[in-house]
Each structure stands twice: as C-alpha cells, then as structure tokens.
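Since the structure comes first, as structure tokens, the remarks are kept for the end.
In this text, all values refer to a predicted model and were calculated from it rather than measured experimentally.
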Amino acid sequence: MASSLSPPEKASYHHRHSKRYSSSSTNGNVESSVSDFVKRPKISPQNYISCSEIESEFSHHDPDFARINNGSFGCCPSSILALQRDWQLRFLRQPDRFYFDELKPKISDSRSVIKRLINAEHDDEVSIVDNATTAAAIVLQQTAWAFREGRFDKGDAVVMLHYAYGSVKKSVEAYVTRSGGHVIEVQLPFPVNSADEIIDRFRIGLESGKANGRRVRLALIDHVTSMPSVVIPIKELVKICRREGVDQVFVDAAHGIGCVDVDMKEIGADFYTSNLHKWFFAPPSVAFLYCRKSSNGGGGVADLHHPVVSNEYGNGLAVESSWVGTRDYSAQLVVPSILEFVNRFEGGIDGIKKRNHESVVEMGHMLVKSWGTQLGCPPEMCASMIMVGLPVCLGVSSDSDVLKLRTFLREKFRIEIPIYFRPPGDGEIDPITGYVRISFQVYNKPEDYHRLRDAINELVRDGFRCASLSG
C-alpha cells in the first residue's frame, strides 16, 4: 500500500522516529535508549549549533521587536514547531490508531526523558500536565480534600511566599481558604541583599503557622519568583520544613527546568512543578509535576488526581494526566526531540543555563551603569532573569503606571519588557519604585538591551513622567 505521507513529511517522520525513539519500541528498550540519550552525546565543536542556525530556528520572531521577555511566554524553535505539526497531522490522519497505539507510549517516552533530566527515582513520579497552574491545582485540590474530610483540622496552616505567582495565590484561595485552611504569606524583602534574608523571613512565617497549636500542612515555595524575579534558596527552605515538621512541601518552579538546576533528590520536596515551554523550548503549553512516592501527608500520592476527570480516573496521576479527553497532545510528544535540540548546544542544557545567566547579569550591569540605578538582587540570586531599577525621575508610582509604561515601550519603542512596581517603604526618600525584568535566551543579542537602554535614556532626557500617560 502506498504511503499517505508527502515527501517532506516522510523526511520529517523518519528524522523524528530514529532508532533511539522508534515508534515500535514500547517495552524496556525505550528505557535504556532514553537513558543513553539523556546522557548528553559528545558533539565535536564543529558540529555545535551555529549562530546562523540559531537565527533560523527563531526567525518566526518579529524582527522589529526587542524580545527580552522570554520569562513570560518562553520560545520554541522552528524545527520543534515543525515536529509538533507532524504529530498533529498524525493524529488527524488516523485518530483511532493514534489513540490506541501511539499516544500513551509516546507520552511515556516523554515522561522518561523528564524523569532523567530531573533525577527522579521512578517514572510514575512524573506526570505531564498543561502548565504549572494545573500542577498547583492538583496539589492544592488534595490539600482541600484533606481539610474537608477531617484529616486536617480547620485552621491548620498553609505557608506560602508573598511573591507567589498570582494564579497560584488564587488557587490557594479557591482550594485552601474555602476549605478551612489558614494561609500565611511570608513577606519577603525587595530588593534582596542575601539568601539569609529570605531564610530568616521564612522561619518567621513557619513560626506564625505553628502558633496556637496549629500544624503547617503544606509549604508552597517558589524556586524562581516571577515578579520580582529572585532565585529562592529552596534546598535550605525544604530542610527547614523537614526539621519543623511541615507535612508536605510543594515547589512551584514555573521558571525551573532550563533556567536553574533541577534535581529532585537534592531538592527533597514532595511536589515540584516546572513549565517546559518557558526555558526548555517546548511549544505552549506543557509542564511536568513531580510527586515523590514516599510523600505521606494529605492522603499520599495515590490521592492525587487531575482536576479534569476522565475514564482514567483512579489509574494514578501520570495515567490520568495522559488522557483528559480529546485535545492536542503534541506539545507533550515533542519532549524527546527538544532534548535533541538542546544537546546541539555546547554543554547542553547546563551550558545554555550558564551562558544565559552570565549574559543577563552582564546586560543588567550595563543598564545599571547607564541609568544610575541598581539590581534587585545579587547576581548569584538570579538565573536567566534579573531585575534592574528604572530611573527615579520616570515617576513610577503605581501598578497602573507600570502597565501603561510597559504598553508605551512596546508601542513606541517596540520593546517587550515586564515592569514591577515596588511601593516605597516608610521614611524612604526618592527610592527606586520601578524595576524592569530582563530575560536572556539563546536568541537574544546585546542590541536588544541597548534598545531598552537608549529608550529609557531618551525618556529621561525628554523629562518624561508616567503621569503623562493616559489610561
């Protein structure tokens, strides 16, 4: 019977399904081949991805804009987008066979790759979900059930950081507060001078959570806070939680894999989630949720369920998450191919992280020197993003101001950059109240940051103030 694939699709198909990821390998052979693949193959320097190839991979980005906001939405190379399209067509071409013969084994392959990347103990500790927000809902749903079913006492505490992501805060409100839990928000300083400041504040938060005989049932800790962006000393905080008798620790690392070191055995949390579409080059949207098998609090791993209930309910979270109804699963299926893309760079994912960190720090210092301001944290407390203070004379005085200024920079100067408003403290005189969060990813160039530098300097020369921007 003649193949229904066109010649270009044939080439792409055979490239994707090489021996290492043969679609027929659904037994233990996949285990060993994936393991070998994650142990980054040695590539000679002449075969590393070139600058021109990087430009080609991201040529779909709008060339008129300085895109220095990878942290918000991530990026995906053209070769991975093409492979994603191939997976979509395979489903649409013959969905019955795709569903029964291919989908689950291929998602299992992706989970195996992730398991080895994050140094988890077991494959079934890794579930693939849409994003970190979905992962948070899974964990917090279990916590809510424990309150409602009487396994947790009303008023027992959940401790989280004040700088937790907005949707996660809303999830805590929806699941924990409504179920009778007491929520403690640990107030963190910003700017931050050292990790010790965060550790000290966290200890105080745990003490507050344990006041009046309460138990701290869950600690929700960011690995890299979003706004303002700071790398949190999670290993130290997890150890403190263990010593203080916290039932479970959930690390929200939306900016984790591809941005910071992610090792489940070293971190020691019960739950850890990270998006793959922010810093690991996946198409939007896909994330993983790690659930440690030995976790006993709140009902245990067996009591974790996907919030979208399908016919897989009760078969374990990893299986439940692999089928939540008819939808596009292609972002989950390209994970092995993404690893192949990443390994084209010198040093693989570790080399990318190192160079991105060094570059974002360099660009941050360049902006600080030009604007006469300061960084929001020491360089060792940032990863591939860093906070840079804006000149005080811009008059950033509210959250509304930063939204208007962000829009103004995008529309007038074609710069994509998020901005943070830091309310002035009591007694502060002319403090820096506006900070930009710059990101650095492999497609960025120094000129992107020079454009931001020059735009802000132009506004300063023109006597611009945020108050001049209409709502």
Where the side chain of [X] meets the backbone of [Y], is there a donor-acceptor pair that is under 3.5 Å apart?
X: Ser127; Y: Ala318; answer: yes
X: Ser274; Y: Ala253; answer: yes
X: His255; Y: Val224; answer: no
X: His357; Y: Ala383; answer: yes
X: Thr225; Y: Val230; answer: yes

Could you tell me whether the side chains of [X] and [Y] share a donor-acceptor contact shorter than 3.5 Å?
X: Glu57; Y: Ser79; answer: yes
X: Arg85; Y: Ser330; answer: no
X: Asp109; Y: Ser112; answer: no
X: Ser50; Y: Ser52; answer: yes
X: Asp130; Y: Ser285; answer: no
X: His305; Y: Gln141; answer: no
X: Asp263; Y: Asn119; answer: yes

Between [Y] and [X], does any NZ, NE, NH1 or NH2 come within less than 4.0 Å of an OD or OE carboxylate oxygen?
X: Lys293; Y: Asp124; answer: yes
X: Glu362; Y: Arg355; answer: no
X: Lys265; Y: Glu121; answer: yes
X: Glu55; Y: Lys445; answer: yes
X: Lys169; Y: Glu185; answer: yes
X: Arg344; Y: Glu340; answer: no
X: Lys353; Y: Asp350; answer: yes

* Which is it for Glu320 and Asn315 under the side chain to side chain donor-acceptor pair (under 3.5 Å) test, yes or no, and what are the steps along the way? -> CA-CA 6 Å; Glu320 288 184 19; Asn315 291 329; over 6 Å; no
Do [X] and [Y] make a side-chain contact, defined as non-hydrogen atoms from C-beta onward lying under 4.5 Å apart?
X: Val402; Y: Leu405; value: no
X: Tyr449; Y: Glu447; value: no
X: His223; Y: Cys259; value: no
X: Met160; Y: Val172; value: yes
X: Val308; Y: Trp323; value: no
X: Leu237; Y: Val249; value: no
X: Glu125; Y: Lys115; value: no
X: Trp279; Y: Met385; value: yes

* Asked: When the ring planes of Tyr163 and Phe190 are compared, do they come out parallel, tilted or perpendicular, using 30° and 60° as the limits?
  ->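 Plane angle over 60°, so perpendicular.
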* Begin from the C-alpha positions of Ser439 and Asn69 and carry the test side chain to side chain donor-acceptor pair (under 3.5 Å) through to its verdict. => CA-CA 5 Å; Ser439 301; Asn69 183 25; 4.7 Å; no
Quick one: pull up [atom1] in [X] and [atom2] in [Y] and give me the separation to the nearest 0.5 Å.
X: Ser470; Y: Phe408; atom1: OG; atom2: CZ; value: 10.5 Å
X: Ser229; Y: Tyr435; atom1: OG; atom2: OH; value: 13.5 Å
X: Asp64; Y: Arg414; atom1: CG; atom2: CZ; value: 4.5 Å
X: Tyr272; Y: Ile118; atom1: OH; atom2: CD1; value: 8.5 Å
X: Asp448; Y: Ile415; atom1: CG; atom2: CD1; value: 9.5 Å
X: Ile114; Y: Tyr290; atom1: CD1; atom2: OH; value: 14.0 Å

* **Verdict with supporting geometry, Phe202 and Leu188, side-chain contact (heavy atoms from CB on, under 4.5 Å)** => CA-CA 8 Å; Phe202 188 75; Leu188 298 182; 5.9 Å; no
* **Ring-face cation of Arg93 near Phe91 (centre distance under 6.0 Å, axis angle within 45°)** =>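 No, a cation-pi geometry is absent between Arg93 and Phe91.
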* To do: Please determine if Arg67 forms a cation-pi arrangement with Tyr443, meaning its NZ or CZ atom is less than 6.0 Å from the six-membered ring centre and no more than 45° off the ring axis.
  =>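 Satisfied, under 6.0 Å and within 45°.
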Closest contact, heavy atoms only, [X] versus [Y]:
X: Asn343; Y: Gly348; value: OD1-CA, 4.0 Å
X: Ser56; Y: Ser78; value: O-OG, 3.7 Å
X: Cys75; Y: Gln441; value: SG-CG, 3.8 Å
X: Ser321; Y: His306; value: OG-CD2, 3.5 Å
X: Val126; Y: Arg111; value: O-NE, 2.8 Å
X: Tyr99; Y: Leu103; value: O-CB, 4.1 Å

* Asked: Is there a side-chain contact (heavy atoms from CB on, under 4.5 Å) between Val158 and Ile184 once you walk through the steps?
  -> CA-CA 6 Å; Val158 170; Ile184 302 289; over 6 Å; no
* Take atom OH of Tyr165 as the centre, draw a 6.0 Å sphere, and report whether it contains more than 12 heavy atoms from other residues, nucleotides or ligands. =>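 Incorrect, the count does not exceed 12.
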* Has Phe73 got more than 12 heavy atoms of other residues, nucleotides or ligands less than 6.0 Å from its CZ? ->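 Incorrect, the count does not exceed 12.
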* Go through the steps for Val159 and Leu220 under the test side-chain contact (heavy atoms from CB on, under 4.5 Å), then give the verdict. => CA-CA 6 Å; Val159 174; Leu220 201 166; over 6 Å; no
* Using the side-chain contact (heavy atoms from CB on, under 4.5 Å) rule, take Val183 and Glu173 through it: C-alpha gap first, then chi angles, then the decisive distance, then the call. => CA-CA 8 Å; Val183 179; Glu173 177 184 346; over 6 Å; no
* Asked: Can you check ring-ring contact (aromatic ring centres under 6.0 Å, His included) on Tyr48 and Phe345, steps first, answer last?
  -> CA-CA 6 Å; Tyr48 290 140; Phe345 290 79; 9.0 Å; no
* To do: Decide salt bridge (Lys or Arg N to Asp or Glu O under 4.0 Å) for Glu102 and Arg90; before the verdict, give the C-alpha distance in whole Å, the side-chain angles of both, and the deciding distance to 0.1 Å.
  => CA-CA 10 Å; Glu102 296 191 75; Arg90 288 186 69 166; 2.3 Å; yes
* Starting from the C-alpha separation in whole Å, work towards a yes-or-no answer on salt bridge (Lys or Arg N to Asp or Glu O under 4.0 Å) for Arg292 and Asp270. => CA-CA 5 Å; Arg292 191 174 64 161; Asp270 299 286; 3.1 Å; yes
* To do: Give the intermediate values and the outcome of side chain to side chain donor-acceptor pair (under 3.5 Å) for residues Ser359 and Asn356.
  => CA-CA 5 Å; Ser359 296; Asn356 285 349; 5.7 Å; no
